[in-house]
There are 2 protein chains.
Amino acid sequence: MKAKKDINTEEKIVEAAEKVFIKNGMAGARMQQIADEAGINKALLHYYYRSKEKLFSIVFRTALKALLPNIIKSFKSEGSFFEKLRVFVDTYLTIIEKNPHLPGFVIHELNHRPEQLIQTIAELDIDIQFIIDDINTEIENGNIINISPNDLIINVISLCIFPVVARPMVTGVLFKGDKDEYKTFLKERKSHVADFVINSIKTK
Amino acid sequence: MKAKKDINTEEKIVEAAEKVFIKNGMAGARMQQIADEAGINKALLHYYYRSKEKLFSIVFRTALKALLPNIIKSFKSEGSFFEKLRVFVDTYLTIIEKNPHLPGFVIHELNHRPEQLIQTIAELDIDIQFIIDDINTEIENGNIINISPNDLIINVISLCIFPVVARPMVTGVLFKGDKDEYKTFLKERKSHVADFVINSIKTK
DNA sequence: AACTAGTTTAACCATATGGTTAAATCAATT
DNA sequence: AATTGATTTAACCATATGGTTAAACTAGTT
């Protein structure tokens, strides 16, 4: 019944699509480019995945999953609140460094057609309540200052994501194009972000 | 010699181009869309601005100017370091709120073809040395803790830009799509960011 | 009124692009 | 080996898109 299919073609296509979409965005991506990247022909693309839109949906959902829920889980590690915060920052920055274009892709597409894509976020049903509860407990216990949990969460994410998403701007303005300087900057960033945040919120 | 030209057509075109490019990005923008937006016809677009690429360059440069140098100047205000920091955050967030898609546009295009566009940044010749000097002086005077100026600058910018650039993600995950909640969040953000940063760096 | 130079338009062109179709391959089953 | 059904391909199509051209229009100038 089944034919050859040395290495799963479906998967090859999705991987190629991820590469092309995340690099060029929906509007900039070309089906031919995806086909080339997958080492197949354009028609085969449409055989497996009817339309560009369908392929995009799959890639977008995968990207969103890689960016949000899995990492939020890393906040469920053992230890004190500050230790959990350090693990979270470390995990998040590691994943983003490995896929530096991923956050930018998600943000750009989300900004471009929020109505259609916001649904995808909702479907992931991301639960951050346990983090909010954690923060409130720390406040009640007098371990950290009185801060809005939403602000604190956004602050941590901002400090992690932005320097990676805006890499060319950062290297261009701050490092005058010096790539090595940027690399060391990012490397030291993991501990820096955690230090910076903890320093701001810990009660003296 | 000159003909009618009620309201400067050139300007109308650039304004339309800004709108369309910043909303859709280079790849997603259509010359027809720009022509429609400007209330003229496609050929007239090419009469004034030879190619899409040329128009894009103008828009990109304008966007970059709006995002970087003018605002950095706001750090040259009077007062103590902390006061200057507050003015900076306030100014920056105000401008970004007024043009919420601007940072995302610049970041996306910069990521897409860094080689070609990084040049544009270099041409602006942005000087942040005076900020770095300011920070170092504060450290020497014992007013703020020993922090890398680059990290501090990036932190402030991150905390300002990210929540606006990633608005759909923020509203989607944190506020479950509640727009009003996001608005109040942003309004309180100006003082919060400054407080958060100052709290982290000030010596006790 | 005729001329001139800047301005605006409709019609057109070549190419790129997403998508379709029908035929060819291929491997397991009979 | 013939059948079958999944897989793969070349060729094609309709439309969209960036860009061009030549003609028409406009308002000052002579």
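In this text, all values refer to a predicted model and were calculated from it rather than measured experimentally. Chain letters run A, B, ... following the sequence lines, proteins first, then strands; residues in each count from 1. Computation of the quantities below employed the complete heavy-atom set of this structure, encompassing side-chain atoms and omitting hydrogens, waters and symmetry-equivalent molecules.
When rounded to the nearest whole Å, the span between OH of B:Tyr48 and P of C:dG6 equals 11 Å. For the pair B:Arg30 CZ and D:dT17 P, the interatomic distance rounds to 5 Å; values are reported in whole Å. With rounding to whole Å, A:Lys54 atom NZ is found 10 Å from C:dG19 atom P. Rounded to whole Å, atom C1' of D:dT20 lies 17 Å from atom NZ of B:Lys52. Atom CD of A:Glu11 is separated from atom C1' of D:dT7 by 17 Å (rounded to the nearest Å). We find that CG of A:Leu45 is positioned 15 Å from P of D:dA10, with the value rounded to whole Å. When the C1' atom of C:dA22 is taken as reference, atom NE2 of A:His46 falls 17 Å away, rounded to whole Å. Between A:Ile13 atom CD1 and D:dT8 atom C1' the separation is 11 Å, expressed in whole Å.
Ring geometry, B:His112 versus B:His108: the interplanar angle falls under 30°, so the pair is classed parallel (tilted spans 30 to 60°).
Using a 4.0 Å heavy-atom criterion, one finds that A:Ala27 contacts no nucleic acid atom at all.
A:Phe56 and A:Phe21 have their aromatic ring centers within a separation under 6.0 angstrom. Within the 6.0 Å centre-distance limit, the rings of A:Phe196 and A:His192 are counted as a close aromatic pair.
Between A:Tyr47 and D:dT7 there is a side-chain polar atom (N or O) within less than 4.0 angstrom of OP1 or OP2. Listed pair B:Thr9 / C:dT8 meets the phosphate criterion, a side-chain N or O lying under 4.0 Å from OP1 or OP2.
The nucleotide whose nearest atom lies closest to any side-chain atom of B:Ser51 is, among D:dT17, D:dG19, C:dT8, D:dG19.
Shown here is B:Lys65, whose NZ atom has no more than 12 heavy atoms of other residues, nucleotides or ligands within 6.0 Å.
A salt bridge links B:Arg86 to B:Asp195: one of the charged nitrogens lies within less than 4.0 Å of a carboxylate oxygen.
You'll find the side chain of B:Lys52 stays beyond 4.5 Å of the side chain of B:Leu45, heavy atoms only.
Test B:Lys19, B:Lys12, B:Arg30 against B:Glu37 for salt bridge (Lys or Arg N to Asp or Glu O under 4.0 Å) and you get one pass: B:Lys19.
Scanning residues 32-44 of chain A for heavy-atom distances under 4.0 Å to DNA chain C yields A:Lys42, A:Ala43.
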